[in-house]
Number of protein chains: 2
Amino acid sequence: MSRSTPSGRRASGSVTLSDVAKLAGVSPITVSRVLNRPELVTADTIGIVRDAIARTGYVPNLLAGGLASRRSRLVAAIFPTIANSMFAETMEALADRLGEAGYQVLLGLSGYPAAREDDLLEAILSRRPDGILLTGIIHSPGTRQRLLAAKVPVVEIWDFTPTPIDMLVGFSHEKAGAAVADHLHAKGYRRFAMIEADDDRAALRRRGFLSASARRGVTGVPVITVPAPGLLRTGREAMARLLERSPLDGFQRPDAVFCSSDALAQGVLAEVQSRGMDLPGDIAVMGFGDLDFAAHTFPALSTVRIDRRAIGTLAADALLARMDGLSGAGPSAGGGVIDIGFEVIERAST
Amino acid sequence: MSRSTPSGRRASGSVTLSDVAKLAGVSPITVSRVLNRPELVTADTIGIVRDAIARTGYVPNLLAGGLASRRSRLVAAIFPTIANSMFAETMEALADRLGEAGYQVLLGLSGYPAAREDDLLEAILSRRPDGILLTGIIHSPGTRQRLLAAKVPVVEIWDFTPTPIDMLVGFSHEKAGAAVADHLHAKGYRRFAMIEADDDRAALRRRGFLSASARRGVTGVPVITVPAPGLLRTGREAMARLLERSPLDGFQRPDAVFCSSDALAQGVLAEVQSRGMDLPGDIAVMGFGDLDFAAHTFPALSTVRIDRRAIGTLAADALLARMDGLSGAGPSAGGGVIDIGFEVIERAST
DNA sequence: ACGCCTCATGATAGCGCTATCATGATCGGA
DNA sequence: TCCGATCATGATAGCGCTATCATGAGGCGT
């Protein structure tokens, strides 16, 4: 029964839309409509076609569909890493929301130094995604250019800039850092220190933290920078260094440490406890992110809450609005900027 | 200069391979070869074509390429979640290795009850991935069937079965559970308890743990099950329940608790410390996974080390061997099974 | 009963790329 | 010097689907 291969290319062997059409006794385009725009087809025909689809085990080919329709139903998401739950949850929320809407997510990991940013973007653009999500702000002007040229809806997340490429869902890291300084000051602490991971957003938080500290009269704040992403281990090591260093410098020991992530703060907790020091009596600790564990460490960790899932969900919504609104020039086109804010959470560690 | 649209479909406006060919003064197929099989083209021609590509800003269209070549250069990876670093690292290792080889990763999140497994798979198959990675064992026979029918290389990971769909990279969770029981017994503990997340693999570890315990004469082991994925919070709550329950039951308080993940164990640590109990003097704790923090908690956490990145890398290699070996019937076809094993790590908490 | 509109379905023509086979140029050995 | 082998490049024909326009059947007001 095998049909002879007509010419060059060998037959794929897999069921195609035409096979379904033949079995159902309709034209291929009708099958296509049943799958994509069923409202254009009568209920009877839909039944017949669905039946044929089930019988043949047909699985649509989105490569072909995407090529013909110029819509890939793919959204690319670029994160520096997902190995810390900071971004993982945003990614999950994004994937959930987009999944409901029939889109899938292509994951791009840029790594922290963002070295491969440009190559990665090229690889991604070659899939013709209908939308792109970027974590943080793109720096290479070439990359920015490419993105603009591709005319794809873009959301930048987790950061804030008045001049996004297109759309943005984020919050001000500088303000968050400043709010932490204000909080610590209000609680009566006067000798701050900071442990931060070496990434751009942490640097912004540092900047906000330091200038607000200075405004409150707290200066000479020691800062220890560790490689990104910040981990419990590196936080603990940094804290050990801090505690050992201070007396030698003639500094007094800090009475409050702001960590650029909850993971780092957890390390600080461990180091302080291992030395038998009292927390927050001897030293207060503040994290950032309000990861799920923050409320339940011992002692519970004061931190800054970011609604990480909301970032993903809102970013998905922003993209969907543009993608479903037909081509690029949809109604809500032209860069919405959403500030989701943050919230300082006071717990036992301060 | 705008060419008039020849017939129905409007021109895309974006640069195509033909445009590049025209500018370079060669045929389209030559441009294609420069990009995909440069060894077939002379250096001169490559130079000319590369130049034209740069000048036009051409970005290949992989939808079209994939359709024509029947290779999407896409690998789909299905995980229950990536919001705990257990899988996130495996995913990163996978993406890294595949990225080097020119493949990209489509992320599918099945959620823990694996409810949407079937829908998700359908959506994924419609992209015609060149390979599929599945976390855990597929249960629905329909899904298994579909997968077989698609004739795509498949790797299952993080689990172990003598009858994988195709290839497998994992380890025996039962043996790991048993090894923990042996370790605790060897250290002199005699009253075990277990806190486990409600997922299949944790259940296997429990089974191994309980039967090895019984072999050692430790019976009546209380088990508390919490929703997956296990978190610090749920671990802490479970431990609180355990400590409060034991006396009422007439049980003695356990002297060692095995947690099905490090995150749960961290919660146990917090709960034990918050009660001022001594660890491991009053109670020993054992985790699972050896996440980056395990070695640096206070006290450091005994656990079972799984080389999570190796799982990703080896899975990628397994897929690559099949995918690059042309079609399905490559040399290494027919299901390799790799057991990456595990290692019991003894630290201060036991 | 007629023309006009709406609606369901179909025919046609690509989307942008690559597999396959064909062609002409170059080369070396006898 | 001639012939077949080798190499670089090209012409052709789709991959499987959908946008677009066309068509015919039915509905309805007058």
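Chain letters run A, B, ... following the sequence lines, proteins first and then strands; every chain starts at 1.
Among the nucleotides C:dT18, C:dG16, D:dG16, the one closest to any side-chain atom of B:R70 is D:dG16.
The shortest side-chain heavy-atom distance between A:L147 and A:D166 does not fall under the 4.5 Å cut-off. Between A:T16 and A:N61 the shortest side-chain heavy-atom distance does not fall below 4.5 Å. Considering only heavy atoms from C-beta on, A:L134 comes within 4.5 Å of A:I165 through its side chain.
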Short N/O separations, protein against nucleotides 24-26 of chain D, under 3.5 angstrom:
none

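With respect to B:R71 and B:D324, a salt bridge is recorded, a charged nitrogen being found less than 4.0 Å from a carboxylate O.
Interatomic distance, A:Q145 CD to A:L148 CG, rounded to the nearest 0.5 Å: 5.5 Å. Here the CZ atom belonging to B:R309 is positioned 10.5 Å from the CZ atom belonging to B:R97, to the nearest 0.5 angstrom. The distance from the CE atom of B:M91 to the CG atom of B:D96 is 10.0 Å, given to the nearest 0.5 Å. Rounded to the nearest 0.5 angstrom, A:W158 CH2 and A:F79 CZ are separated by 9.5 Å. B:T143 contributes atom OG1, which lies 3.5 Å from atom CG of B:D118 (distance to the nearest 0.5 angstrom).
Between the CG atom of A:D44 and the C1' atom of C:dA8 there is a distance of 12 Å, rounded to whole Å. In this structure, A:R73 places its CZ atom 13 Å from C1' of D:dT18, rounding to the nearest Å. Summarising the geometry, the separation between CG on B:L67 and C1' on C:dT18 is reported as 10 Å, rounded to the nearest angstrom. For A:L35 and D:dG16, the CG to P distance is 16 Å, given to the nearest whole Å. Between the CZ atom of B:R128 and the C1' atom of D:dC15 there is a distance of 11 Å, rounded to whole Å.
For D:dT18, one of the phosphate oxygens OP1 or OP2 lies less than 4.0 angstrom from a side-chain nitrogen or oxygen of A:S32. Proximity of B:R37 to the phosphate of C:dA19: no side-chain N or O atom is located under 4.0 Å from OP1 or OP2.
If you check residues 52-64 of chain A against DNA chain D, the residues with a heavy atom closer than 4.0 Å are A:Y58, A:P60, A:N61, A:A64, listed by number.
In the helix from C:dA1-D:dT30 to C:dA30-D:dT1, the terminal helix axes, each the rotation mapping four pairs' C1' atoms onto the next four within five end pairs, subtend 30°, rounded to 10°.
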Which donor-acceptor pairs under 3.5 Å do side chains of residues 29-36 of chain B form with protein atoms, sequence neighbours excluded?
from  : atom 1 : to    : atom 2 : distance (Å)
B:T30 : OG1    : B:S27 : OG     : 3.3
B:N36 : ND2    : B:S32 : O      : 3.2

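Between the side chain of A:D130 and the backbone N or O of A:R73, at least one donor-acceptor pair lies under 3.5 Å. Remark: side-chain polar atoms of A:R128 are paired, donor with acceptor, to backbone N or O of A:L125 under 3.5 angstrom.
With sequence neighbours left out, A:L120 forms a side chain to side chain contact (heavy atoms under 4.5 Å, CB included) with A:I78, A:S110, A:I124.
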Q | Protein-to-nucleotide contact annotation, 5' to 3' order, nucleotides 5-12 of chain D [B base; S sugar-phosphate only; - none; under 4.0 Å, heavy atom] | A | ---SBBB-
